[in-house]
Each structure stands twice: as C-alpha cells, then as structure tokens.
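Atom set for the values below is all heavy atoms of this structure, side chains included, hydrogens, waters and symmetry mates excluded.
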Amino acid sequence: MIRGLYIASSGMISRQIQQENLTNNIANINTAGYKKDKISFKSFNEVLIQNYDKKIGTKNFKQILGTMPLGIGIDETKTDFTQGLLEETNRNLDFAIDGNAFFAVSDGEKEYYTRNGRFKIDRDGYLSTTDDKKIIGIDKNGNKTFIKIDKGIFEFNNNKIITSDNEYKFYLVTGDMKKLNENNYICDNVNIDNKSNIYQGKIEKSNIDTIELITELITVVRNFESNQKVIQSIDETLGKTVNEIGSVNR
C-alpha cells in the first residue's frame with residue numbers, strides 16, 4: 001500500500017512537469033519561429049519481490065514472488081523542429097526560412113541561432129533582432145560580418161540583401177541545436193546551409209497545433225486528478241488501519 005503511494009505520487013509529479021511544459025507552449029503560440037517542446041517519460045526499473053519463507057529442514061530458501069513497478073519519471077525534454085506555417089506580413093524587415101536552417105545572430109560576445117525572422121534596424125544601422133542581437137551575414141567578398149543597412153534602404157533578391165555599397169547573404173546554419181529560451185539556441189558544431197530559401201515579408205509561425213495542445217492538456221489534468229484520488233483513497237485506508245484495527249483488538 002505504501003508502494004502505491006510512491007507510484008501515484010511519481011505520476012502526479014511527472015504530470016505536473018508535463019502540464020508546466022504544455023503551459024509554456026501555450027504561452028508561445030503567437031511567438032514567431034517558436035518550436036514546441038515535448039516531454040518523454042520513462043518507467044523506473046521494477047523491483048524484484050522475494051522472500052525466504054520456504055523452509056526445508058533448518059534451511060530457508062529464496063522464493064521469487066514477482067516484480068513490482070515503481071511508477072514513471074521524466075526521461076527528457078525534446079524540441080520539435082517541425083516547420084511552422086509561413087504567414088504573410090508585407091513588412092520588409094520580416095524574413096522567414098523555408099527549410100531546416102537557422103539565422104545566426106550575436107550579442108557581441110557569443111553567437112546564437114534563431115528561427116524568428118522579425119528584425120529591425122538598430123541605431124547604428126545594423127539589422128538586428130527585437131532583443132538587440134545583430135544578424136550575421138556573408139558580404140560580397142565572402143567575409144562573415146554583421147549586416148549593415150544605412151538609412152533602411154535595401155533590396156532583397158535571390159536570397160541576398162543588396163544595399164548601396166554592399167550585398168549580403170544571411171549566414172544560415174544547421175546543427176544539433178539546444179534551446180536556451182523561447183527563440184535562442186546554441187550549438188557547438190554548426191554547418192553552413194545553402195539549401196534553405198528565405199522569404200521577405202513573411203514570418204514563420206510557431207509549430208503549435210492549438211487543438212492538439214488543448215486536448216493533451218485536458219488529458220494531463222485528468223490523469224493528475226486520477227493519481228490524486230488514488231493517494232486520497234490510500235490515505236483514508238491507512239487512516240482506518242491505524243485508528244480502527246487497533247481499537248478492535250482491545
């Protein structure tokens with residue numbers, strides 16, 4: 001019975017973590033380029049139940065009674081990198097990637113990667129993200145550099161940003177991305193991507209299916225409540241065992 005408490009409580013803890021993950025996904029439904037996270041579960045190893053009640057002569061022998069599961073736990077959180085829908089915005093500083101690549105951006109010290117192509121021009125004339133990271137590009141000489149657009153005047157043609165005195169290609173990369181927050185990723189070993197296409201005046205929407213998400217959330221809440229009722233039932237039974245059986249024996 002005590003084991004049942006552990007099994008039910010492990011289910012509640014796991015479902016609570018899953019609910020928090022789903023809530024975070026819901027909060028980012030309208031975040032451009034957001035990739036949803038999924039929780040995967042694992043079962044704890046089963047415990048072998050045995051005793052030594054079997055007795056032959058003066059010697060006890062082990063008897064295998066079976067196994068007992070110990071519930072479930074969180075295995076890992078995985079990011080789903082499925083492509084989101086491209087939404088028309090007609091804003092010339094919005095860019096969407098059609099493919100597996102990521103934009104490379106920098107805060108001046110470290111390089112990050114993002115799928116959010118909602119950009120702006122900062123006070124120094126550089127193309128940057130909404131959280132003030134500069135966009136990294138490749139200039140016409142093949143050098144890796146920040147994309148500078150003085151006075152906001154440029155053309156975008158054939159995946160290239162053309163200004164009055166230079167032209168740039170977005171520095172697009174792929175790799176084993178690890179999520180830092182809603183739209184920033186890090187990667188130790190990136191590969192330059194030349195296959196993905198860039199669309200101006202569009203934004204990639206989050207890859208969240210609202211109906212699927214709400215359905216999953218309802219299932220998680222019901223599962224949590226079921227485990228909660230199991231714990232309440234076991235607690236009541238233990239209470240009767242302690243309080244009533246003792247009084248019967250007097």
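Residues satisfying the salt bridge (Lys or Arg N to Asp or Glu O under 4.0 Å) criterion with K205, sequence neighbours excluded, are absent altogether. Applying the side-chain hydrogen bond (donor to acceptor under 3.5 Å, both in side chains) test to K38 and every residue at least two apart in sequence or in another chain returns nothing. By the ring-ring contact (aromatic ring centres under 6.0 Å, His included) test, F170 is found to be paired with F95, F103, residues two or more places apart in sequence or in another chain being considered. When the side-chain hydrogen bond (donor to acceptor under 3.5 Å, both in side chains) test is applied to D209, no partner is found at least two apart in sequence or on another chain. In terms of the side-chain hydrogen bond (donor to acceptor under 3.5 Å, both in side chains) criterion, residue partners of D193 (sequence neighbours excluded) are, by chain and number, S196. Every residue two or more places apart in sequence or in another chain was checked for a salt bridge (Lys or Arg N to Asp or Glu O under 4.0 Å) with E109, and none qualifies. Qualifying ring-ring contact (aromatic ring centres under 6.0 Å, His included) partners for Y171, counting only residues two or more places apart in sequence or in other chains: none. Contacts of K120 classified as side-chain hydrogen bond (donor to acceptor under 3.5 Å, both in side chains), with partners at least two apart in sequence or in another chain: D132. In this structure, the salt bridge (Lys or Arg N to Asp or Glu O under 4.0 Å) partners of D131, at least two apart in sequence or on a different chain, are K133. For the ring-ring contact (aromatic ring centres under 6.0 Å, His included) test, no residue two or more places apart in sequence or in another chain qualifies with Y112. Considering only residues two or more places apart in sequence or on other chains, E20 meets the side-chain contact (heavy atoms from CB on, under 4.5 Å) condition with Q16.
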Less than 3.5 Å apart, which donor and acceptor atoms pair up between the side chains of residues 213-222 and the rest of the protein, not counting sequence neighbours?
unit_1 : atom_1 : unit_2 : atom_2 : d
T215   : OG1    : I211   : O      : 2.8
E216   : OE2    : Q18    : NE2    : 3.3
T219   : OG1    : T215   : O      : 3.0

Next item on the list: Give the C-alpha distance, both sets of side-chain angles, the deciding distance and a yes or no for side chain to side chain contact (heavy atoms under 4.5 Å, CB included) between K148 and N166.
Entry: CA-CA 9 Å; K148 190 167 187 179; N166 210 333; over 6 Å; no
